[in-house]
Amino acid sequence: MKHVRVAVVGAGVVGLSTAVCIAEALPHCSVTLLAEKFSPDTTSDGAAGILWPVTFPDIPLERQRSWLKDSFDHLLAIAQSQHSPEAGVMLSSGWTIFKEVPANKKPHFSDLVIGFRNMTDNEMKRFPDHKFGHAFTTLKCECSSYLLWLEKRFRKAGGQVEKRKVNNLQELSDSYDIIVNCSGLGSKTLVGDSEVYPVRGQVLKVEAPWLKHFIRDGDGKTYIYPGIHSVTIGGTRQEDDWRLEVDKGDTQGILERCSQLEPSLSKAKVLSEWVGLRPSRKCPRVEREVVRLQGRSVPVVHNYGHGAWGVTLAWGTAQDALGLVRQCLHEMKLQAKL
């Protein structure tokens with residue numbers, strides 16, 4: 001087949017992961033990454049970047065486990081390689097604690113993370129307001145490092161990068177044979193998906209080099225994630241809230257809640273405050289469709305709507321998106337023969 005031109009729209013962790021997967025696996029394709037914003041200005045840049053499992057209601061569990069396993073294996077390989085410092089990927093151990101004993105004491109991901117176990121009574125004494133907990137090791141990305149590393153890897157695979165705002169898919173129909181939509185919250189307008197909505201997240205980066213273990217409340221609203229250069233503490237989950245400015249009330253609430261779990265945080269210096277809008281959806285959309293653009297049929301692969309689980313699922317859904325692109329290529333080949 002002639003050189004197939006592929007456009008990937010969006011340069012957050014999902015878009016970059018998808019672009020890398022396609023460029024590396026399909027060298028006969030010419031892949032261009034198009035985005036209005038690149039690191040350090042994406043939503044992914046401010047994310048805590050911890051690989052944290054979740055369950056979506058309407059996606060088969062095996063497919064979700066496959067996304068998680070692909071992402072975990074990919075990041076673990078980086079964490080254990082010479083690329084770890086540049087990519088900003090590290091192993092992270094700690095505890096998730098619950099105020100009430102969860103109905104399912106052993107979640108579906110227990111065999112996919114490292115060293116999963118229930119916390120002992122002795123360990124729980126440290127958290128008197130909580131009744132139950134899990135201890136395990138996961139992975140964490142310093143996303144500002146990781147995104148730059150992915151972009152470098154994409155360029156090395158022959159990928160092209162173009163900074164531009166894509167207002168509608170029509171703009172791309174003459175220049176590209178396949179469009180891959182990883183535009184996150186932008187999909188609301190780009191492809192008219194009314195199911196996408198923002199969940200406002202506010203986090204602080206603090207200087208607390210003495211903290212080595214993550215602590216996360218089971219409700220997901222209070223967390224302490226030590227990283228390579230600082231500790232990320234949070235957070236907020238405010239649905240349909242488009243505010244991008246820092247809310248001092250939220251800052252105060254985060255400091256108070258996190259200091260209850262880890263009293264030494266009262267001595268930590270606040271380095272920065274950050275707000276981002278997570279591109280949320282009831283379930284991520286990873287599927288393909290054929291769209292009529294300027295009178296011709298163009299295959300479009302969608303990969304967006306990961307919410308707070310972009311880092312957790314990005315490589316797994318990128319592998320799925322790559323499979324969908326392969327299907328598009330197969331069908332184009334068949335049509336060319338007709």
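If you're wondering where the values come from, they're calculated on a predicted model, not measured in any experiment. All values below come from the heavy atoms of this structure, side chains included, with hydrogens, waters and symmetry mates left out.
Checked for salt-bridge contact, E331 and R288 meet the test: a charged N lies under 4.0 Å from a carboxylate O. Using a cutoff of 4.0 Å between basic side-chain nitrogens and carboxylate oxygens, R285 and E287 are scored as salt-bridged. In this structure, E100 pairs ionically with K131, as a charged nitrogen and a carboxylate oxygen lie closer than 4.0 Å. Salt-bridge check for E273 with K248: passed, with a basic side-chain N closer than 4.0 Å to an acidic carboxylate O. Checked for salt-bridge contact, D247 and R243 meet the test: a charged N lies under 4.0 Å from a carboxylate O. We find that R126 and E262 are joined by a salt bridge, their nearest charged nitrogen and carboxylate oxygen being less than 4.0 Å apart. Using a 4.0 Å cut-off between a side-chain N of Lys or Arg and a carboxylate O of Asp or Glu, D193 and R281 qualify as a salt bridge. Of the charged side-chain nitrogens involved, at least one lies within less than 4.0 Å of a carboxylate oxygen, so that E171 and R164 count as a salt-bridged pair. Remark: K69 engages D73 in a salt bridge, criterion side-chain N to carboxylate O under 4.0 Å. A salt bridge links E142 to K140: one of the charged nitrogens lies within less than 4.0 Å of a carboxylate oxygen. Ion pairing of K99 with D129 is absent here, as no side-chain N (NZ or NE/NH1/NH2) approaches a carboxylate O to less than 4.0 Å.
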- Are F72 and W67 close enough, and set up right, to give a ring pair (Phe, Tyr, Trp, His ring centres under 6.0 Å), and what steps lead you there? CA-CA 9 Å; F72 199 96; W67 288 347; over 10 Å; no
- Message: Set out, in order, the CA-CA distance, both residues' side-chain angles and the distance that settles ring pair (Phe, Tyr, Trp, His ring centres under 6.0 Å) for F116 and W95, then state yes or no.
- Response: CA-CA 10 Å; F116 184 94; W95 308 282; over 10 Å; no
- Worked check of ring pair (Phe, Tyr, Trp, His ring centres under 6.0 Å) between F214 and F136: CA-CA 10 Å; F214 71 76; F136 58 91; 5.7 Å; yes
- Query: How far apart are the C-alpha atoms of T120 and N122, what are their side-chain angles, what is the distance that settles it, and do they pass the side chain to side chain donor-acceptor pair (under 3.5 Å) test?
  - Reply: CA-CA 5 Å; T120 64; N122 219 17; 5.6 Å; no
- Message: Run the salt bridge (charged side-chain N to carboxylate O under 4.0 Å, His left out) test on K106 and D111 for me, step by step, so that the C-alpha distance in whole Å, both residues' side-chain angles and the decisive distance to 0.1 Å come before the verdict.
- Response: CA-CA 9 Å; K106 196 173 183 186; D111 61 325; over 6 Å; no
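M332 and L293 fall into different hydrophobic clusters, where Ile, Leu, Val, Met, Phe, Trp and Tyr residues are linked whenever their side-chain heavy atoms come under 4.5 Å apart, directly or through other members. Residue L185 is not grouped with residue V311 when hydrophobic side chains (ILVMFWY) are merged at heavy-atom distances under 4.5 angstrom, including chains of intermediate members.
For the pair V20/W315, a side-chain contact is recorded, criterion being any heavy-atom separation below 4.5 Å from C-beta on. Looking only at side-chain heavy atoms (C-beta outward), F38 and K163 come within less than 4.5 Å of each other. Contact annotation: the side chain of E245 never approaches that of V275 to less than 4.5 Å [non-hydrogen atoms, C-beta and beyond]. Considering only heavy atoms from C-beta on, V113 comes within 4.5 Å of F109 through its side chain. Counting only heavy atoms from C-beta outward, the side chains of D177 and V6 never approach each other to under 4.5 Å. At least one side-chain heavy atom of I78 sits under 4.5 Å from a side-chain heavy atom of H74. Using a 4.5 Å heavy-atom cutoff, the side chains of E24 and K156 are not in contact. Residues T96 and M119 have side chains not in contact (no heavy-atom distance under 4.5 Å, counting atoms from C-beta outward).
A donor-acceptor pair under 3.5 Å is absent between the side-chain atoms of R200 and the main chain of D240, judged by distance alone. Of the possible donor and acceptor atoms, one in the side chain of S259 sits under 3.5 Å from a partner among the backbone N and O of L255. No donor-acceptor distance shorter than 3.5 angstrom exists from the side chain of T137 to the backbone of S92, with no hydrogens or angles considered.
Results of the side-chain hydrogen bond (donor to acceptor under 3.5 Å, both in side chains) test with T222 over E256, R257, R216 single out R257 as the only residue that passes.
Environment of NZ in K37: sparse, with no more than 12 heavy atoms of neighbouring residues, nucleotides or ligands closer than 6.0 Å.
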